[in-house]
Structure formats: C-alpha cells, structure tokens
Protein chains: 2
Amino acid sequence: MNTWSLRLLLVRSSITRGLANMAKRGKKKEEEAADGQKDSSAAPPAKKGKKEKEPEAPILYEDPPDKLSTKDGRPANMKITSWNLDGLRAWIKKKGLDWVREELPDILCLQETKCAEKSLPQEITSMPEFPHKYWAGSEGKEGYSGVAMLCKTKPLNVTYGIGKEEHDKEGRVITAEFPTFFLVTAYVPNAGRGLVRLDYRKTWDVDFRGYLSELDQKKPLVLCGDLNVAHQEIDLKNPKGNRKNAGFTAEEREGFTQLLSAGFVDSFRELYPEQENAYTFWTYMMNSRAKNVGWRLDYFVLSRRLLPSLCDSKIRNTAMGSDHCPITLHIVV
Amino acid sequence: MNTWSLRLLLVRSSITRGLANMAKRGKKKEEEAADGQKDSSAAPPAKKGKKEKEPEAPILYEDPPDKLSTKDGRPANMKITSWNLDGLRAWIKKKGLDWVREELPDILCLQETKCAEKSLPQEITSMPEFPHKYWAGSEGKEGYSGVAMLCKTKPLNVTYGIGKEEHDKEGRVITAEFPTFFLVTAYVPNAGRGLVRLDYRKTWDVDFRGYLSELDQKKPLVLCGDLNVAHQEIDLKNPKGNRKNAGFTAEEREGFTQLLSAGFVDSFRELYPEQENAYTFWTYMMNSRAKNVGWRLDYFVLSRRLLPSLCDSKIRNTAMGSDHCPITLHIVV
DNA sequence: CGTGGGATG
DNA sequence: CATCACACG
C-alpha cells in the first residue's frame, strides 16, 4: 500500500487519534497500516446515503481446555510457558507475575526482558517457585532484547547463544539440557521497519537452524519463544497487507518452512491445522488486540520424534501485560 | 559532601527507593544531596538507644493575600503570571490550565515549555482568554527549553532572543513592548550538573544584563521567569550545601547582584525583605516539595523606577503541575 | 523524580 | 501505542 492510498483510507475512515499522530510523523505508517482495521468507533454518526463500513464485531479465538494427555493416553509430566514480555519491569508492574503464579509452569521462558541482570526487580529474582534462573541480556545496548529461563528443577547444563560470535551479543538464546530433551528459548531478530535487518535475519535463520539440527542429533528438543515470523496466511489477520513487512516476508516464512523440513513440527498447527484467528501478538497501535488483529509469532517447535509425546499447545490470549500473550506446552518427557 | 559521607548518610537513614536508584547509577548524587533532607518516613521503627533524627515537621510558607494597590493607593491594573512548566504537555495533563483560568492574569509567561510550536496541544493554542500568543522554541534540540507569552491585549511589538546569535537558538527570551513598559520573560540557562555550563552562563549573564539595560533606557521594564539563581542564602533552604551547585554559585549570585546594581529590583524581596522559606522550585527528588526544601528561582525583576507602581509580588506555592510554582505580579502600568 | 525526545518493536 | 535508555534539570 502506498502513501496515497493510505491517505485516502485515513480520510475516508475517521482516523483514530493514534493513527493521526502516526500520520503526523510522516513515514512508517505503511508497515503498520496493514495491521489496523479501520475503526469507525470514534467516528461521527454515519452519513446517510454513503456506504459506511460497519464497525464489525471482532472475530475472537477461544483457546480450548488444556488436554493433559497424549493421544495414546500418557499423562503430561511437563508444563512449559513462554512469553515475550516487551519489558520485564513494565510487565511486573502490570501484574504479569500474578498470572505466572496461577499458571505455574515447570519452566518459564521469557523474551524481550529489556533489562540488565543487575536491574532485575527483586520480585522475580527472589521468586521461590523457580529456584533455578538463567538470564541473557544484550551486551551493547541496555534495555534491548534479552531472554530468560526459570526452572523448578535444575537443568543438567545451560548454555547461552548459538555458538556464533556474530549472533550471540544480543541475549537471544538460552539452551537448557534435561535428561531426555533440550529446551531452547529464543527471541529471533526482528527484520525491522523497512526490512533494514532482513539480510541479517536470513543469516540468523540459517545459523540458528544449523544450531538446532546439531542439538537435535543428540537429544530431541523443544524450541519456544518469539520466532518473529507468521508462517502461513492463517497465522495472521492480514496476510495480504503484510507481505512486505517484517514477520511475513517470503524470506522469513521460507526460513520457518526450512526449519520444519529439518525435522521439526509447529506444535500448535499440528494439533489445530485449520484454526484461524489464533494469534499471540497484537500491535499496541490501532486497538488491534481488542479487534483481534494479530499475528502468531510465538511457537513451541518440537523435534518431530517428540510428536507422540505432545499433549497440548495452548495460546493464553486472555493474559495481559505485554503486546504478546503467553503460550503453554503440555508434554511427556 | 563526598561519596563516602553520602554513603554513610544513606545507610544511616533508611533511604527511600528513589534515592536508592540514584545511588545505583553511581554518580551525580552529591549535587542533589544538598537538597534532600533525610526522610525516615519509610524507615523501620527507630532502633532504641540510637539517636534518630526526627522526621521534623516542614516549615511551610503561606503567601499572604494579594495587595491590589500601590503604597500610595493607586489600584493595580495589570496582573502578570510567570510559570516554569517543566514540559507544557505534561503540565496540561496535570490540569495546569485549570489553575490559569482561576488566576486569570492579563499576561501569562511560560518557561520550559519543552514543546515545538507544531506540537502544542489544542487546549492552549485555542485558548480564548489569551488571543495573542507568542512562542519561542529551541532550534536544535526538540523538547528542550522554550518560552511563551500569552496576552489578553496585543503588544505593540514582540521580539525573540536578546540580539546575540550565540544565545538565541534555545528559545529562552521573549520581549513584548507595551505602551508604558517592556515585559521580558526569560528562561536563564542552567549551569548544569557539575557546573559544565557555568562559563556559558557567565557570558549569558553579562549579555543579558546588557540587553536589559538597553531596553531600560527606552522604557521601564518588567523581567519575569526562571532566572535559575537563588540570590541570597535566604532564597533557598540549604545554602551551605549548595555553594558548588548550579543556581547558587558565587558567580551566578554575583550576576544577579550586578543586575540589580544596573537599576533593577527583586520585587518579592523588596516587599518581603526578611521572609524565609519562600520558594518557587523544589526538586522532584527526595520528597522535597512536601518538606519545603526549595529554592526561589523565579522572579519579577523591575526597573527601579517602577517601584512606586508595584502592588504585590506573589508566590503561588499551592499550584501544582510542575517542579516550579507560578508567581504573580500586581502592578500599575 | 520527572520531562522530553529517539530507537525499537 | 508501548517498552527502554538517554539528556537535562
């Protein structure tokens, strides 16, 4: 969509204040605009004689009840939750930890903590539910990126990064080894506004896939986190408008396809192959979450041979505190 | 005070969270510390057997009722209010304009608007009480400095800056000519943490004094605004601790003395020569305003020959919305 | 402690 | 529309 067609759209649809402010700043609305559905809720009474698009009741997604056993009836013995927090400190102020204490997973994986280890709030560093805590922060830029893994039981071993200097300075990956599997949590690099970092992302995708394949040869693995890609059209509300935007370019989608080809499965899509409107991220802009104009960017990806052990892959889209919602995996390990 | 004695002080006095965060960042606490009175309000019950300094009831200042006539009985016909807003947009959100509509001065002078003219909220640009509005913003840095003058009646002429290139890029001075006087509003450059900008301030003081003296030869003038200096010990709570700090260095105080020597008077001090605890600024830190640990940095300075026309010089220290309070002048012009 | 911008998402 | 770091006060 070009600037002019957007401008028309704005004029025609009684823009929201947020969008108006964006427009004022001039650029970078094309990338976001595709996520916004025109919202006439703040519009004056529809003029008679003109076709006005209805406010349209949003199509929500209600995650079904957790299934706690495998197809062949074995009970789940491991519960893993993953959440991109968009800033751990703000998320704590918004009572994110209360939700965690309700969910009570065995392992909690966090992305975009945006917090140096020394600045972590005491509420989380002293959390007795998870005696074993692992933090990775961005080295250069404070308050950027950052992932964490919090565990009830101690892993056999924990490593940081993917073993390539060029990728390992931004606090994006933690790997924990458990007796029967590896758990990898990742915050995959965003391709950026205007796709300025798409090239880097492509090399990341190659190297990260290599890293996972190597691990997978030792033990099966579970990968979770914000993979910063919506794989197929079903995985975001507005595929048409986002083909040129970070998270839905052909390159990023192909990267995910290649990952699956290397012997992994997208657990949610495996269980719910036709499920539409199931998203884990909504831009804060344009009231997208209320309208469920979202993206599925957060995944549990499993070594294919773990599939018989999969019980359920959940999207906790009622949990608030970030622009992402948490996801939870039930599995037998 | 050096770092070590401060550290002791912190340990001994059950620091507040705010101060703790400051300490965490390492430096630049010495400059602020002199403004803080130790606050044990958040402290655990005082340990027996140790001398604990009492929380000490703050010594407040209640501004007396407005005197609306001169000594010789002429009624005031001009009311001018000056306020350092510390960010106009935040100040509007904090209902600063409601206070202005109550006060309803003939002229409203604002400092530290921190807002480019194009970003001004409509609430103030469309304010019918002041049909004549003048704005000066910082050229290079957005959201820095900036002054304004809002008038009920139109001035004969309005100028910006003090006529010296080097001083006139930061939106610090507006001068309005009225039939019988000049009104100058100023946001004088802060000498900065560690006095990094004290040298510049000294040249400013010289040049600004020159500018005012020239004006004063044409018509008497009223200067108002944040002059960023507490003149005498009586003009701040903690003179001892602030001798090396911006706003109370010998150089800045001498600059103000020289200004008065050039034929001007500090209207408030002229009327209330012995009044202690009368301040117009309190740092947001360390709960200083509640404890009235403040500075008098905002002034109405008059050409000496206007003194017979002076009615009152008020400090509106109950008005909230900034770290400065407004001041108001009643005069006959 | 609180305001602004700017980078990033 | 949010997060955070930074500059400035």
Side-chain angles (χ1 to χ4, degrees), chain A residues 16-22 25 28 31-32 35-36 84-91 93-94 111-116 119 137-138 140-146 170 187 189-194 196-197 226 228 245-247 281-290 295 297 321-324, chain B residues 16-22 25 28-29 31-32 35-36 84-91 93-94 111-116 119 137-138 140-146 170 187 189-194 196-197 226 228 245-247 281-289 295 297 321-324:
Chain A
T16 61
R17 207 181 65 123
L19 196 46
N21 286 340
M22 269 173 56
R25 276 176 304 203
K28 79 184 163 191
E31 297 111 45
E32 297 296 340
D35 281 340
N84 176 317
L85 307 184
D86 188 32
L88 178 141
R89 283 165 290 186
W91 169 81
K93 285 180 194 147
K94 288 181 285 193
Q111 302 89 38
E112 272 203 279
T113 53
K114 291 184 170 181
C115 189
S119 308
S138 179
K141 315 176 198 176
E142 284 289 275
Y144 174 72
S145 189
E170 295 189 336
Y187 172 49
N190 191 300
R193 287 262 159 83
V196 287
R197 237 184 155 194
D226 176 359
N228 252 323
N245 289 342
F281 163 82
W282 307 261
T283 171
Y284 278 123
M285 289 172 262
M286 293 163 294
N287 209 19
S288 295
R289 189 156 186 177
W295 305 52
L297 301 179
S322 166
D323 49 359
H324 293 246
Chain B
T16 61
R17 205 180 68 124
L19 196 47
N21 287 341
M22 269 172 56
R25 276 176 304 203
K28 78 184 164 189
K29 43 203 174 303
E31 296 113 44
E32 295 298 339
D35 282 338
N84 176 318
L85 306 185
D86 190 31
L88 177 141
R89 283 164 289 188
W91 169 82
K93 285 179 195 150
K94 288 181 283 190
Q111 302 88 39
E112 274 203 279
T113 53
K114 291 183 170 183
C115 189
S119 308
S138 180
K141 314 177 200 175
E142 284 288 274
Y144 174 71
S145 189
E170 295 189 336
Y187 172 50
N190 192 301
R193 289 259 159 83
V196 287
R197 235 183 157 195
D226 176 359
N228 252 323
N245 290 343
F281 163 83
W282 307 261
T283 171
Y284 280 123
M285 291 171 259
M286 293 161 296
N287 208 19
S288 294
R289 189 157 184 175
W295 305 53
L297 301 179
S322 166
D323 50 0
H324 292 248

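By convention in this document, chain letters (A, B, ...) are assigned in the order of the sequence lines, proteins followed by strands, and residues within each chain are numbered from 1. When reading the values below, keep in mind they use all heavy atoms of this one structure, side chains included, and skip hydrogens, waters and symmetry mates.
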Query raised in the report: CG of B:Asn84 versus P of D:dC8: gap in Å, rounded?
Result: 17 Å

Query raised in the report: NA contact type, A:Asp323, heavy-atom cut-off 4.0 Å: base, sugar-phosphate, or nothing?
Result: nothing

Requested in this report: Given side-chain hydrogen bond (donor to acceptor under 3.5 Å, both in side chains), test B:Gln111 with B:Asp226 step by step and report yes or no.
Outcome: CA-CA 7 Å; B:Gln111 302 88 39; B:Asp226 176 359; over 6 Å; no

Query raised in the report: Distance check: side-chain N/O of A:Tyr144 vs OP1/OP2 of D:dT3, anything under 4.0 Å?
Result: no

Report summary line: Per atom distances to the B:Lys114 side chain, the nearest of D:dT3, C:dT3, D:dC1 is C:dT3

Query raised in the report: Taking atom P of C:dT8 as reference, at what distance in whole Å does atom CZ of A:Phe281 sit?
Result: 17 Å

Query raised in the report: Quick one: does B:Arg89's side chain have a donor or acceptor within less than 3.5 Å of a partner on B:Lys114's backbone?
Result: yes

Requested in this report: Only counting residues at least two apart or in another chain, list the ones meeting salt bridge (Lys or Arg N to Asp or Glu O under 4.0 Å) with A:Asp323.
Outcome: none

Query raised in the report: Once you round it to whole Å, what is the distance between P of D:dC8 and OH of B:Tyr187?
Result: 11 Å

Query raised in the report: Checking only heavy atoms, does the side chain of B:Arg193 share a donor-acceptor pair with the base of D:dG9 at less than 3.5 Å?
Result: yes

Query raised in the report: Over how many whole Å does the gap from A:Asp35 atom CG to D:dC1 atom C1' extend?
Result: 12 Å

Query - Spacing between B:Asn190 atom CG and C:dG2 atom P, to the nearest angstrom - result: 19 Å

**Report entry** Rounded distance in Å - CD (B:Glu112) to C1' (D:dA7)
**Finding:** 12 Å

Query raised in the report: What is the distance from CG of B:Asp86 to P of D:dC8, rounded to the nearest Å?
Result: 15 Å

Report task. Report yes if at least one side-chain N or O of B:Lys141 is closer than 4.0 Å to OP1 or OP2 of D:dA7; otherwise report no. Result -> no

Report task. Can you tell me the distance, in whole Å, between the CH2 atom of A:Trp282 and the C1' atom of D:dT3? Result -> 17 Å

Query raised in the report: Between B:Lys94 and C:dT3, does any side-chain N or O lie under 4.0 Å from OP1 or OP2?
Result: yes

Report task. Tell me, please, which residues at least two apart from A:Trp282 pass side-chain hydrogen bond (donor to acceptor under 3.5 Å, both in side chains). Result -> A:Asn292

Query - B:Ser145 side chain vs B:Glu170 backbone, donor-acceptor pair below 3.5 Å - result: yes

